Structures are given as structure tokens and as C-alpha cells.
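Below, all heavy atoms of this structure are taken into account, side chains as well, without hydrogens, waters or symmetry copies. Since we're looking at a predicted model, the values are computed, not measured.
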Amino acid sequence: MLDIDEIRKRAQQARERAADSMREMAEKSEELAQKIEVSDAQQSPSVSAAEVEEQIAANTQRQVEILGQIFDSDTMAQMAVNEELLQKMVQDKAAGAAESAVETMMGDLFGEDMGILAAALETLDLEEADGGEEGAFDPETEERLYGTLEEAMARLAAMPEPEPVPYQKNDAKWERFGILLSGIVSTLNDHNLDGMDVEEHIPVMEQKIVSLVRRSWGIDGRSDLLDMIRYLSQEGYILRYQLYSEAPSPEELMDETMDEDDRASVSRAWRFAQRYKRRYAPGFMAGWDVGRAAMLARWGCYLGWLTESEAVGILWDLSQRAVEELHGWREFAQSYLFGGLMWKLLCGDCTAGSYLGYIADAAADLLTGKAEQGGGQWRDCPWPARRKIGFTV
């Protein structure tokens, strides 16, 4: 595997070769254009159309050759594997759009920034976007979402789960357990759960993760990453839910800088906290905070922002927090659903019902899925039994 400096060097060389090739292609295209710009009396429509079609085919082939120069063989192979996904995405995005919009989108897909191409390859980047799609929220919508939440939580509660087992302090199972705390986000994004690396180390996948973390979390390096993990592990939605539960009115949580949409978001989240505060203590939010922090630790390790030993240490601390507050994988998944709905209410995202369905399906696969189909990881790694005095030795 090439190191990052070697990758940058090769990319720079490829860009220079591609630029030369693009100039040559532009010169040839200009020569052809001059040849076919003749008077109407001399021009045959059928011949002109054939020449244009031939030139389009030549340009397309040349672009494929240039892509082969820019990207290495691994990347080209990855692009081939994802061809069906890209084609479907383009078709979905282009539906009902004008021809000019389609051309703009295709230009973006194959533009100079590899991160844009990586973003096109993302599967279900649903869980970490910092804002939802604004929609018309009303009391009926909120009630419907509460019903969806409770149905999903009841569905998970009815699923089988092995009894918790004691873990020794230095048990290797802690590392496995810590990785599986990222299980819901990993399943939604089709990440690996067999080890610390979330994906194979090839350029297109590395750029995909960089794009996801930067766009969805605003994290642009080691310092930002550690700050966010620290926030999730020490404050997060546990603190936010507590504050909203204790506030006598939503106005207590607002300030003069908030616009109308912000105030509406605070009111929705306040109503959520008031509805559930007698059933769920703030610690119940631990799964939502810990699950996302665990995913960030794995992403950070994959990108080289954390060493593997640092990531293992972070996952150890997150594991202790999870075991302290929760009693099993089912409750962990219910916590993720619970926090996910509060987040969606704050975002003003009316599609929260679909999001809850995705979470529940991912958790069900982790609990009951077939191992040969990549499921059942939670079932095969029982929850650590809560210790009364110290660790089992």
C-alpha cells in the first residue's frame, strides 16, 4: 500500500499528464469544428450528424483513457464495481430535471475533486448529517413519529438476545465489543465490522470517509475529531435531554439569537423530553452518544487521525460508559432510536419515520441476522455483565 506522500506524488503526475492530454484533445476538437463549419449549401445534415456522433464517441473514449491515467488500477476496479450504483444514483437525481441540470451534475461527478466522486459512492449516509430537510411539522406529525418510535422499540424488545456474560478486565472481547458499538452506523453504511478498519484502504474509499466525516460532522482532522468524541462521551444528548427535561418551558431554552425555525425546533425537542422524562432517565441516551462516538473513533483510525492503540483506548472508555448505563444490545438499539428521533425533531426532518425504520432494521440484522450473510454480530458477542464490585479476575 502506498503511503499518502506517494499517492499525492502520483496524483500530481497523473494530473499533469491528464492536462496535456486534455489540451491535445481540445486542439483536435477545434480542428474538427473548423472543418465542419461550412455553408448550408455545402453541408449535408446526415454527414454533419455522423461527424458529430463520431467525435462524441472519440471524446468519450478519450475521457475513459484520461480517467485511466488519473486513477490507479484499484480505483478503476472500484469504479467498475460501483457502476450500477452510480448509474442508479444519476437516474434518480436526474428524474424530472432539465437537460442542463443533468450536464452540470455529471460534470460534478467527474470533476477534478475526487471527494465528489467518493460522495457519489456513499450508500446510506443517513445517520450523521448535521441538519435535516425542513418540512411542515404539526401535532399530528409529531404524534405519528412517537408511534413509530414506540413500535420500533417494541419490535426490538421482542427479539432474542443472549444473556450478558462477565468480561475480565484485560479480556480481548472488550476490543471486539467496542468495535460493535459502532454496529448501527456501520451497518447503515455497509462498513466492515470484523476489525478496526471500516473499509479496504484504497483511495476511493478513503476519500469517501473523508467526505462523509467533513460534510456530515464538520470534522477536518485529529483535533476536531477528538473534540467531538470528547463532547459525545462527556456531554452529548445525555446532557441535552436532561436540560430539556428539567426546563419548565421551551422558552427557558431559547435566546434572542434564535430565528423562528430554531425556536420551533427547540419546542419540538422540549415536548419530546417532557413526554418521556418519567419513563427514560438521561442515561438512556447513552447508546445514541456512545454509538456515534465509537463510529468516529473507527473513522479516525481508518483515516490515520488516530493510532490504532488510541482508537482501542477510546473504545474501551466508551464501552465502560455503555455498560454503566445500559443492560444489553436491545436496550442499546432502543437508545439509538430514542436519541435519533430527538435529533430529527431538532433538525425539523419530517422523514424521521423512515430513518427510525433504517435503524431498527440495522439493529435487527445485528441481533438476528445470518452470519454467512454478514449479520448476527451482536448475537455472537454478548453484552458484558454489569459488575457489582470490580472486575472478574
Side-chain angles (χ1 to χ4, degrees), residues 127 148-188 191 193-194 232-233 236-238 241-242 276-295 297-298 314-343 355-371 374-392:
E127 65 294 328
T148 300
L149 171 67
E150 291 168 14
E151 289 173 6
M153 292 176 74
R155 171 189 168 195
L156 292 175
M159 290 184 177
E161 177 184 355
E163 289 294 319
V165 299
Y167 282 30
Q168 296 180 359
K169 182 176 182 180
N170 296 319
D171 200 321
K173 289 186 294 186
W174 280 113
E175 183 174 343
R176 177 66 180 153
F177 177 74
I179 289 171
L180 291 179
L181 289 174
S182 73
I184 290 176
V185 189
S186 294
T187 299
L188 289 175
H191 287 332
L193 276 169
D194 295 334
L232 290 173
S233 61
Y237 269 64
I238 289 180
Y241 177 69
Q242 179 180 346
Y276 290 111
K277 66 181 183 180
R278 290 181 177 81
R279 291 170 58 183
Y280 301 109
F284 184 65
M285 280 286 186
W288 172 244
D289 287 336
V290 166
R292 295 181 300 149
M295 190 73 258
R298 293 187 66 210
I314 290 170
L315 292 178
W316 160 264
D317 290 338
L318 293 172
S319 297
Q320 307 315 301
R321 183 70 181 274
V323 173
E324 180 182 348
E325 299 289 355
L326 303 170
H327 299 81
W329 288 118
R330 287 175 302 195
E331 190 176 28
F332 177 85
Q334 290 173 325
S335 170
Y336 205 97
L337 284 163
F338 191 70
L341 180 54
M342 184 175 181
W343 170 65
Y355 177 67
L356 296 177
Y358 288 128
I359 293 175
D361 288 345
D365 186 62
L366 289 161
L367 281 168
T368 64
K370 296 180 179 179
Q377 292 94 337
W378 283 356
R379 177 192 60 230
D380 298 335
C381 182
W383 191 266
R386 182 176 294 185
R387 57 193 182 278
K388 294 182 179 179
I389 303 176
F391 284 96
T392 301

Is any side-chain heavy atom of R292 less than 4.5 Å from a side-chain heavy atom of Y336? yes

Would you mind reporting whether Y241 and D289 have side-chain heavy atoms less than 4.5 Å apart? no

To the nearest 0.5 Å, tell me how far I238 CD1 sits from W288 CH2. 13.0 Å

Atom CG in L156, atom CD1 in I359: separation rounded to 0.5 Å? 10.0 Å

Applying salt bridge (charged side-chain N to carboxylate O under 4.0 Å, His left out) as the test, list every pair that has at least one member in residues 361-370; sequence neighbours left out. R155-D361

Give a yes or no on whether the backbone of W329 and the side-chain of E161 come within a donor-acceptor separation of less than 3.5 Å. yes

Using only atom types and a distance under 3.5 Å, with no angle test, would you say the side chain of R330 pairs donor to acceptor with the backbone of M159? yes

What residue among F177, F332, W383 forms side chain to side chain contact (heavy atoms under 4.5 Å, CB included) with W378? F332

Establish, yes or no, whether a centroid distance under 6.0 Å links the rings of W343 and Y355. yes

Should V185 and R298 be marked as a side-chain contact (heavy atoms from CB on, under 4.5 Å) after you check the CA-CA gap, both sets of side-chain angles, and the distance that decides it? CA-CA 11 Å; V185 189; R298 293 187 66 210; over 6 Å; no

Judged by atom type as modelled, is there a donor-acceptor pair below 3.5 Å linking the side chain of S335 to the main-chain atoms of E331? no

Using the six-membered ring wherever Trp is involved, compare the ring planes of F284 and Y280 and label them parallel, tilted or perpendicular (cut-offs 30° and 60°). parallel

Residues in salt bridge (Lys or Arg N to Asp or Glu O under 4.0 Å) contact with K277, at least two apart in sequence or another chain: none

How close do P382 and V165 get, counting heavy atoms only, and between which atoms? CB-CG2, 4.0 Å

Could you check whether any side-chain N or O of R386 sits under 3.5 Å from a backbone N or O of H327, counting only pairs where one atom can act as donor and the other as acceptor? no

Residue pair S182 / L193: nearest heavy atoms and the distance that separates them: OG-CD2, 3.9 Å

Quick one: CZ on R379 to CG on L366, what's the gap to the nearest 0.5 Å? 10.0 Å

